[in-house]
Amino acid sequence: MPELPEVETIANGVDVRVRGRTIISVWLSSKPEPFRSTPAELVKALTGSTIEHVRRVGKHIVVDLTRDAAATRRRSIAASRKAKPWRGQWLVHLGMTGSLLVCQPDEPTPKHTHAILQLDDAREVRFVDPRRFGRLSVLDLSTEATSKTGRRDSGVSAHDKGFIGPGQEPLDISADAFRALFRGRRTPIKSALLNQKLLHGVGNIYADESLFRAGIRPRRQAGRLTAKELERLRTSIQSVLREAITLGGSSVSDYVDASGEKGFFQLEHKVYLRTGESCLVCGTPIRRILVAGRGTHFCPHCQH
DNA sequence: CATGTTTCCTGACAGC
DNA sequence: TGCTGTCAGGAAACAT
């Protein structure tokens with residue numbers, strides 16, 4: 001399932017392939033909608049827009065779009081020369097099984113393809129998602145009313161900067177800010193790590209792998225971890241995520257990058273999906289429990 | 001507000 | 001072989 005390293009890999013792969021291209025036309029599946037915005041809003045924002053940049057924020061892929069005013073409003077050339085270009089963002093959340101692929105138009109369209117953007121060089125960007133937990137949406141950054149409320153929890157900043165995600169970036173966060181996130185929380189540390197409003201980007205795989213590396217049991221109360229443990233956890237999260245990005249992510253389930261290639265970090269997993277197998281450090285069988293309704297894997301000897 | 005529970009959805013897989 | 005049942009999980013909606 002796509003978490004921070006997988007989303008980063010996909011976003012970078014899509015970026016190098018389509019940056020600067022213009023979207024000529026958009027097709028959306030008419031089947032039950034994996035869309036946050038309405039199909040009409042998506043088509044309106046995407047059609048005729050140029051892709052400035054594709055990047056990752058939390059578990060979202062953010063596609064920065066612009067369109068000159070002439071194309072937007074079909075005014076006279078004189079009027080459009082003065083007008084600011086339209087700006088917007090396409091947000092893609094891959095859910096559990098989503099993928100975003102850059103394809104040649106003659107490649108067969110797989111089942112569960114929900115969106116196809118045709119580019120000006122005839123290639124296509126395709127959103128495929130069998131389980132339909134993924135979501136597509138667009139933001140209009142030109143209208144001043146960008147932030148209906150400027151709510152931080154919507155992931156949209158109040159000052160027209162566009163999508164900033166629901167929480168803090170795990171790769172950047174300072175030791176102080178990290179500690180502050182968990183202060184006073186009685187929820188299990190594993191649940192807190194999965195809460196995207198705290199840290200965004202960490203999911204089930206990397207929560208389990210980070211807790212193993214930090215030597216912390218998943219059910220420990222977040223607010224009762226010592227400063228030393230929290231700092232160990234922060235550096236574990238950062239090193240696990242960075243290693244995983246280097247290896248192109250973890251291919252469990254059906255994850256592939258923008259060109260359909262698998263990642264290799266699943267070969268480095270120490271606990272995730274290793275129930276009953278020997279701990280690679282001490283030999284104790286890895287245990288699986290349920291925390292926050294999620295399968296959770298840990299070594300009862302190495303983690304305290 | 002904080003935390004726990006349910007829901008969505010389909011492919012994979014077990015058991016008969 | 002083919003049917004049925006169970007399970008996985010990110011995040012939003014709902015309940016406590």
Side-chain angles (χ1 to χ4, degrees), chain A residues 1-8 10-11 29-38 56-62 91-100 110-115 127-137 149 151-156 163-168 170 180-211 218-225 241 244 249-256 262 266 269 271-276 286-298:
Chain A
M1 39 241 66
E3 302 178 26
L4 186 150
E6 293 77 28
V7 178
E8 174 109 4
I10 293 171
S29 87
S30 54
K31 300 294 171 192
E33 68 298 342
F35 309 131
R36 283 245 94 72
S37 304
T38 66
R56 175 196 65 77
V57 173
K59 289 183 195 172
H60 287 80
I61 298 168
V62 178
L91 305 181
V92 180
H93 193 293
L94 298 169
M96 295 206 29
T97 54
S99 53
L100 196 65
K111 207 174 164 184
H112 307 301
T113 298
H114 297 113
F127 173 66
V128 182
D129 183 17
R131 233 170 272 184
R132 288 200 265 152
F133 279 17
R135 291 291 179 264
L136 302 183
S137 57
T149 57
R151 295 189 326 259
R152 165 80 221 207
D153 68 348
S154 68
V156 180
F163 187 75
I164 56 171
Q168 306 273 313
L181 285 181
F182 303 106
R183 199 164 291 144
R185 293 189 182 268
R186 307 162 70 92
T187 197
I189 184 62
K190 161 93 185 235
S191 304
L193 289 178
L194 294 178
N195 182 348
Q196 302 295 297
K197 289 179 182 170
L198 273 33
L199 279 186
H200 59 204
V202 176
N204 211 33
I205 297 173
Y206 298 103
D208 282 3
E209 292 297 316
S210 302
L211 286 167
R219 285 219 239 251
R220 290 277 303 282
Q221 269 187 35
R224 294 204 172 162
L225 294 177
L241 294 175
S250 301
S251 284
V252 302
S253 176
D254 31 21
Y255 161 74
V256 288
K262 294 186 174 209
Q266 67 278 11
H269 292 175
V271 289
Y272 187 75
L273 254 33
R274 294 195 65 245
T275 311
I286 299 301
R287 279 184 41 197
R288 182 183 189 278
I289 57 175
L290 224 51
V291 179
R294 301 282 169 264
T296 297
H297 315 77
F298 72 103

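- For the pair A:Arg132 and B:dT10, the criterion of a side-chain N or O lying under 4.0 Å from OP1 or OP2 is met.
- The CG-C1' distance, from A:Leu181 to B:dA2, rounds to 15 Å in whole Å.
- Taking the six-membered ring where the residue is Trp, A:Tyr272 and A:His297 present perpendicular rings, their angle passing 60° and hence far from 30°.
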Per-nucleotide protein contact string for nucleotides 4-10 of chain C, where B marks a base within reach and S marks sugar-phosphate only (heavy atoms under 4.0 Å, - for neither): ----BBB
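- In the helix from B:dA2-C:dT16 to B:dC16-C:dG2, the rotation axis of the first five pairs and that of the last five pairs differ in direction by 40°, rounded to 10 degrees.
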Between A:Leu198 and A:Gln168, is a side chain to side chain contact (heavy atoms under 4.5 Å, CB included) present by the stated rule, with each step listed? CA-CA 6 Å; A:Leu198 273 33; A:Gln168 306 273 313; over 6 Å; no
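- Atom CZ in A:Arg183 sits roughly 14 Å away from atom P in B:dA2 (whole-Å rounding).
- When the shell of 6.0 Å around CZ of A:Arg220 is examined, it contains more than 12 heavy atoms from other residues, nucleotides or ligands.
- An OP1 or OP2 oxygen of B:dA2 is reached within less than 4.0 angstrom by no side-chain nitrogen or oxygen of A:Lys197.
- With rounding to the nearest 0.5 Å, the separation of CZ in A:Arg135 from CZ in A:Arg132 is 9.0 Å.
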Dump the intermediate steps for side chain to side chain contact (heavy atoms under 4.5 Å, CB included) on A:Thr113 and A:Ser29, then the final yes or no. CA-CA 7 Å; A:Thr113 298; A:Ser29 87; over 6 Å; no
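- When the C1' atom of B:dC8 is taken as reference, atom CG of A:Leu94 falls 17 Å away, rounded to whole Å.
- In this structure, the separation between CE on A:Met96 and CZ on A:Arg131 is 4.5 Å, given to the nearest 0.5 Å.
- Residues A:Arg288 and A:Thr296 fail the side-chain proximity criterion, which asks for heavy atoms closer than 4.5 Å.
- Remark: A:His93 NE2 to A:Phe127 CZ distance equals 10.0 Å, nearest 0.5 Å.
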How far apart are the C-alpha atoms of A:Leu4 and A:Lys59, what are their side-chain angles, what is the distance that settles it, and do they pass the side chain to side chain contact (heavy atoms under 4.5 Å, CB included) test? CA-CA 5 Å; A:Leu4 186 150; A:Lys59 289 183 195 172; 5.6 Å; no
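- Between A:Asp208 and A:Lys190 a salt bridge is recorded (basic side-chain N to carboxylate O distance below 4.0 Å).
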Between N or O atoms, less than 3.5 Å apart, protein on one side and nucleotides 3-5 of chain B on the other: list the pairs.
unit_1, atom_1, unit_2, atom_2, d
B:dT3, OP1, A:Arg186, N, 2.8
B:dT3, OP2, A:Arg185, NH1, 3.4
B:dG4, OP2, A:Thr187, OG1, 3.3

Kindly determine whether A:Leu91 and A:Ile61 satisfy side chain to side chain contact (heavy atoms under 4.5 Å, CB included), including the steps that lead there. CA-CA 6 Å; A:Leu91 305 181; A:Ile61 298 168; over 6 Å; no
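- Nucleotide C:dA11 holds its P atom 11 Å from the CG atom of A:Leu4, rounded to whole Å.
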